[in-house]
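Have a look at the structure below before the remarks.
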Amino acid sequence: MGLIFDKNSTMNDHVQACINNDFARQATRGAQANFNARREAQKAAYEGWETYRDQAAAIRDDVLGHLDYYLNQFIDHTEANGNIVHFATDDKEAQKILLEICHAKGAKSVVKSKSMVSEEIDCNNTLLADGIEVNETDLGEYMIQLDDWNHPSHLLMPGMHMDIKATYDLFVKYGYKGAMEAREMTLFAREQLRHKFLTADIGITGCNFAIASTGTTSIITNEGNGRMVTSLPETQIVLMGMERLLPNMEAFDALMQTFVRHAVGTALSSYMSFTHGPRSAGAQDGPKEVHIIIIDNGRSKILGSKYNKMLRCIRCGTCQNVCPVFRHITGHGYGACYQGPMGIVYTPLLNGFDGYTKSMPYACTLCGECSQNCPVEIPLHELILAERQDIVEHTDLTSTSEKDVFVAAGEMLGHKSTYLAGTKLGKPGMKVLAALTREKDHLGSRTKLPVVKNWTQSRDMPLLHSGEFRKWVKDHGLEGK
């Protein structure tokens with residue numbers, strides 16, 4: 001399903017490890033600031049910003065509302081182009097199809113362009129376990145591969161948790177002898193990967209968008225590796241989430257007006273690569289055979305549900321860039337291949353609410369920055385709140401004591417008499433508790449009360465004020481104003 005890195009740990013384990021990693025946190029803050037500044041500059045210079053957001057959301061809703069029609073149209077056209085289409089209901093079936101293609105071709109090595117759906121189905125580990133060499137070719141993914149197959153920390157910038165010094169130290173381990181200079185280090189990576197491109201049996205890509213009217217798949221990149229992956233190996237495999245469709249090239253153009261500006265803060269991406277079909281007779285490059293694996297893996301369960309708008313997502317990473325929680329716990333704090341606000345919503349929908357994913361919706365302040373900035377207008381913070389409600393109402397994952405505490409709080413806060421009585425008892429009660437825990441004017445980390453302790457472990461809770469707001473209003477003659 002939506003890959004969780006270590007189900008034997010808890011999300012809190014990942015969060016604590018990342019909070020204590022000052023280097024990764026600083027690198028993440030710097031990258032976020034850079035992305036956000038560039039996006040805001042585009043927003044200030046571009047008059048059609050909100051119009052294109054509205055249009056992009058409408059296009060995605062049209063696709064989701066008629067997904068069966070667009071899928072059938074895409075399959076008809078792409079097969080007419082000479083591509084071979086497979087359909088995988090889940091990650092296991094996608095892995096099986098992937099291996100069957102590799103075995104049929106006698107593949108010993110593959111090169112990959114960056115693909116989040118490949119992370120979702122655990123593509124790399126599947127191939128490696130079968131003895132097939134896997135080479136990531138996106139620079140960030142390549143760095144992660146060298147770093148003992150670390151995991152991406154961002155949808156678009158998988159090495160967000162690293163800076164140039166960390167990259168330099170990593171490259172030195174693999175024979176780099178140059179200066180700590182970006183261009184020179186990039187040339188080193190290019191030299192290392194060149195042989196991999198030329199000798200790979202299969203190229204694997206994701207799919208940013210598939211065009212229903214032409215049967216074309218596309219990838220949008222800022223590096224030339226994507227074109228090398230789609231041009232040099234004789235067999236290409238495209239991994240495509242089944243919702244990643246657009247009706248036609250006009251819709252693609254409209255999405256590009258907002259996608260690239262939000263994703264990387266530029267008007268255009270460096271490369272927009274399209275795979276229409278196998279190479280034509282007499283062509284010098286391009287694959288001789290193209291396989292497209294259309295992956296469901298839980299998407300059909302989301303379609304038409306109250307979480308349907310989540311399927312609008314175009315994987316731009318904007319929600320991660322503006323999220324204050326992401327800034328502090330970094331992408332690795334979520335412990336899953338999809339992180340940040342979109343990952344909080346998406347991962348439990350794909351995996352179900354088990355002991356790990358039930359924690360994810362609570363890694364959010366509900367500030368709404370993600371919703372306000374999403375290029376396809378997904379109300380992410382509202383969907384996160386809905387997941388919290390589902391956890392409480394429809395699962396057995398909330399403890400009895402926690403439910404009892406909130407039921408009692410609801411009764412007290414829901415009636416004026418009990419509320420006033422509670423505040424009167426709360427004032428001396430909190431003072432006594434503060435004194436027992438050797439605090440003076442707040443409840444702090446020594447507080448052991450159920451529910452409250454989760455708050456006070458990381459922040460102080462001030463004591464109730466001795467005065468009453470109602471009395472203050474009355475004393476100042478402000479009643480009725």
Side-chain angles (χ1 to χ4, degrees), residues 34-67 70 73-74 77-78 81 113-117 138 140 154-157 205-227 229-231 238-276 292 309-322 342 370 372-378:
N34 183 38
F35 273 126
N36 291 336
R38 284 157 49 183
R39 188 188 67 256
E40 287 301 314
Q42 285 290 323
K43 185 176 180 180
Y46 191 58
E47 294 182 359
W49 190 264
E50 291 303 323
T51 300
Y52 275 109
R53 286 183 72 223
D54 295 342
Q55 186 177 14
I59 290 170
R60 295 297 293 140
D61 279 347
D62 173 57
V63 169
L64 298 177
H66 306 89
L67 189 58
Y70 287 120
Q73 186 184 32
F74 171 76
H77 285 121
T78 205
N81 296 341
S113 180
K114 191 179 76 64
S115 161
M116 288 309 300
V117 75
D138 171 88
H154 188 271
L155 288 174
L156 289 187
M157 190 176 176
T205 72
C207 173
N208 284 97
F209 299 107
I211 313 302
S213 63
T214 62
T216 305
T217 61
S218 69
I219 56 172
I220 297 130
T221 67
N222 280 312
E223 300 172 21
N225 67 301
R227 292 210 175 151
V229 170
T230 59
S231 300
V238 180
L239 302 174
M240 170 187 158
M242 73 176 198
E243 84 287 8
R244 305 310 298 273
L245 284 160
L246 294 175
N248 47 47
M249 288 301 296
E250 289 78 12
F252 179 87
D253 177 65
L255 261 293
M256 286 303 98
Q257 298 296 326
T258 185
F259 173 73
V260 179
R261 286 180 167 88
H262 277 81
V264 293
T266 59
L268 291 172
S269 183
S270 300
Y271 299 91
M272 292 184 185
S273 302
F274 298 92
T275 296
H276 190 67
I292 301 173
K309 290 180 180 178
M310 188 62 231
L311 293 177
R312 289 180 186 171
C313 182
I314 56 178
R315 309 295 193 271
C316 66
T318 303
C319 63
Q320 298 175 336
N321 297 336
V322 299
M342 67 80 59
C370 51
Q372 184 176 339
N373 288 280
C374 174
V376 288
E377 300 179 341
I378 303 172

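Just so you know, these numbers come straight off a predicted model, no measurement behind them.
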Qualifying residues under ring-ring contact (aromatic ring centres under 6.0 Å, His included), relative to Tyr46, sequence neighbours excluded: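 Partners of Tyr46 by the ring-ring contact (aromatic ring centres under 6.0 Å, His included) criterion, ordered by chain and then number, come out as Tyr52.
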For [X], check side-chain hydrogen bond (donor to acceptor under 3.5 Å, both in side chains) against everything at least two apart and list the hits.
X      : result
His154 : Gln320, Asn321
Thr266 : none
Arg60  : none
Thr78  : Asn83

Could you tell me which residues satisfy side-chain contact (heavy atoms from CB on, under 4.5 Å) with [X], sequence neighbours excluded, listed by chain and number?
X      : value
Ala210 : Phe74, Cys207, Thr217, Met240, Leu245
Glu223 : Asp138, Leu139, Asn225
Cys374 : Val376, Ile378
Asp62  : His66, Tyr70, Pro247

[atom1] of [X] to [atom2] of [Y]: how many Å apart, nearest 0.5 Å?
X      : Y      : atom1 : atom2 : value
Gln257 : Thr51  : CD    : OG1   : 11.5 Å
Ile314 : Met256 : CD1   : CE    : 7.0 Å
Leu255 : Gln55  : CG    : CD    : 8.5 Å
Ser273 : Ile220 : OG    : CD1   : 9.0 Å
Phe209 : Ile59  : CZ    : CD1   : 9.5 Å
Asn208 : Ser269 : CG    : OG    : 8.5 Å

Please tell me whether Thr216 and His276 have a donor and an acceptor in their side chains that are separated by less than 3.5 angstrom. yes
My understanding is that only residues two or more places apart in sequence, or in another chain, count here; which of them pass salt bridge (Lys or Arg N to Asp or Glu O under 4.0 Å) with [X]?
X      : result
Arg312 : Asp61
Asp54  : none
Glu250 : none

